[in-house]
Protein chains: 2
Amino acid sequence: MGDRGLTDKATHKTPVRRRKEARPQELTAAALALFVEKGFAATRLDEVAARAGVSKGTLYLYFDSKEALFLAVIREGIVPVIEEGRKLLAAHADDPERMLREYLFGWWAMIGNTELGGVPKLMTSEAQNFPEVAQYYVREVIQPGKAMMREILDRGVAKGVFRELDTEMVTHILMAPLLHLALWRHSFAACCQVPDMDPQSYLESFFDLVLKGLAAAPEGGK
Amino acid sequence: MGDRGLTDKATHKTPVRRRKEARPQELTAAALALFVEKGFAATRLDEVAARAGVSKGTLYLYFDSKEALFLAVIREGIVPVIEEGRKLLAAHADDPERMLREYLFGWWAMIGNTELGGVPKLMTSEAQNFPEVAQYYVREVIQPGKAMMREILDRGVAKGVFRELDTEMVTHILMAPLLHLALWRHSFAACCQVPDMDPQSYLESFFDLVLKGLAAAPEGGK
DNA sequence: GGTAAATAACTGACCGGTCAGTTATTAATC
DNA sequence: GATTAATAACTGACCGGTCAGTTATTTACC
């Protein structure tokens with residue numbers, strides 16, 4: 001059919017069916033959406049392939065198994081975003097309160113409110129069944145994410161902006177409402193008609209609560 | 001073999017194998033443990049039956065389907081505990097800070113730290129796949145649980161112990177660290193070797209943070 | 001026509017659910 | 001109190017559908 005005369009790499013605009021390079025990304029994107037929507041076990045590889053516009057056999061040209069696809073979904077999907085977030089956060093490295101705000105709202109903008117927002121639910125659900133994927137996720141996502149939060153807290157304590165804290169515990173505690181918001185949206189909010197919760201005011205309330213909870217006592221105690 | 005002489009109803013201490021009354025409980029207990037450990041989809045009904053000491057056929061004498069078993073696990077397992085918690089909480093109805101503390105630590109003692117602690121993970125994972133079970137859970141567990149928390153907050157605000165708040169949002173936010181603790185224990189903590197987190201100090205840090213975050217301003221502003 | 005890409009048909013293990021048959025327990029009869 | 005009949009509790013082999021993974025074949029491009 002095509003009579004393109006270009007002899008070199010040929011920037012084919014025609015959606016030719018052979019596109020070895022793009023396939024893995026298309027497949028992981030399709031898999032992410034379906035894993036998040038229906039869960040890992042309930043997602044059929046036929047569906048993943050169909051959503052990516054190929055057949056199941058093609059999927060197996062790029063991934064050895066369903067678990068390998070799972071790992072790729074995490075690796076391609078969320079790991080790069082963590083690194084990106086770290087860079088953004090470094091821009092305000094001198095103001096702990098500002099950093100905390102950037103962290104919370106940035107997390108929502110870059111993860112919670114995107115198609116990646118279902119990843120926490122997916123990983124929590126499947127961690128026990130796929131310990132290797134879970135370990136990868138802990139190492140590449142959870143630990144870096146916690147380290148960033150802890151850096152903010154430690155810095156705030158050091159500058160006297162925040163009071164003395166068990167920063168390890170508080171790090172965990174402060175991640176919880178973010179994760180809860182994402183989990184909620186991808187579980188009960190999606191299937192039961194619950195009065196919807198505006199993420200923006202949720203985050204504002206949370207930030208407000210936390211700032212007051214962390215603040216160093218002005219002067220006289222109670 | 002047996003030479004029990006009692007001719008009446010016979011309070012048989014011997015664990016005879018036919019025990020119609022006890023079976024459903026034994027089966028839901030086995031199912032809870034396995035659903036929590038491996039997830040709903042990955043749990044075989046043969047396993048549930050085996051753990052309860054019966055065959056799969058017997059399971060179907062008491063439950064119509066795997067989903068019916070799921071619903072029974074929730075109904076028998078956690079719904080009664082909610083009502084129990086409500087009564088305990090009413091005992092301190094005059095002191096909002098005390099109520100809040102009772103709520104947090106009571107939740108951990110009665111749910112998070114028991115075999116029920118895996119239920120939040122189970123329900124979050126499966127809500128989309130079993131909307132009817134999810135709706136039951138929202139109605140009988142989540143909404144009552146939230147209502148209790150909200151009652152505490154509204155009362156605290158009314159008494160001037162807590163500052164003005166968006167109590168609806170704060171209710172959600174305060175549930176998150178509890179649920180997070182339970183989810184964590186039943187996912188990553190169970191499969192990746194993560195430095196374990198002491199629930200007691202986690203809850204103390206959380207309670208401390210929240211009390212300071214909620215406290216009405218003494219007098220002067222910033 | 002050679003080869004890389006993609007497919008569609010296929011396989012085999014698995015598992016929810018069923019049911020004909022077995023065993024323990026109770027009731028009835030002498 | 002022993003034997004038989006009736007019933008309730010239980011079993012495990014089986015069936016049918018599903019789905020991860022494989023392979024023989026076709027298609028597209030050089």
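The shown structure was predicted, so the numbers you read here are calculated from the model rather than taken from an experiment. Every chain is numbered from 1, with letters handed out A, B, ... down the list of sequences.
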Treating Y202(A) as the side-chain partner and P177(A) as the backbone partner, does any N or O pair qualify as donor plus acceptor under 3.5 Å? yes
Donor-acceptor pairs under 3.5 Å, side chain of residues 46-60 of chain B to any protein atom, not counting sequence neighbours: which ones?
unit_1: E47(B); atom_1: OE1; unit_2: K38(B); atom_2: NZ; d: 3.3
unit_1: E47(B); atom_1: OE1; unit_2: R44(B); atom_2: N; d: 2.9
unit_1: E47(B); atom_1: OE2; unit_2: K38(B); atom_2: NZ; d: 2.8

Describe, in one word, how the ring planes of Y137(A) and F188(B) are oriented to each other, choosing from parallel (under 30°), tilted (30 to 60°) and perpendicular (over 60°). parallel
Do NZ/NE/NH1/NH2 and the carboxylate oxygens of R101(A) and E204(A) come within less than 4.0 Å? yes
Summarise protein proximity over nucleotides 12-20 of chain D in one line of letters, 5' to 3': B for base, S for sugar-phosphate only, - for none, counting protein heavy atoms closer than 4.0 Å. B------SB
Measure up the H180(A) and H172(B) rings against each other and bin them: parallel (under 30°), tilted (30 to 60°), perpendicular (over 60°). tilted
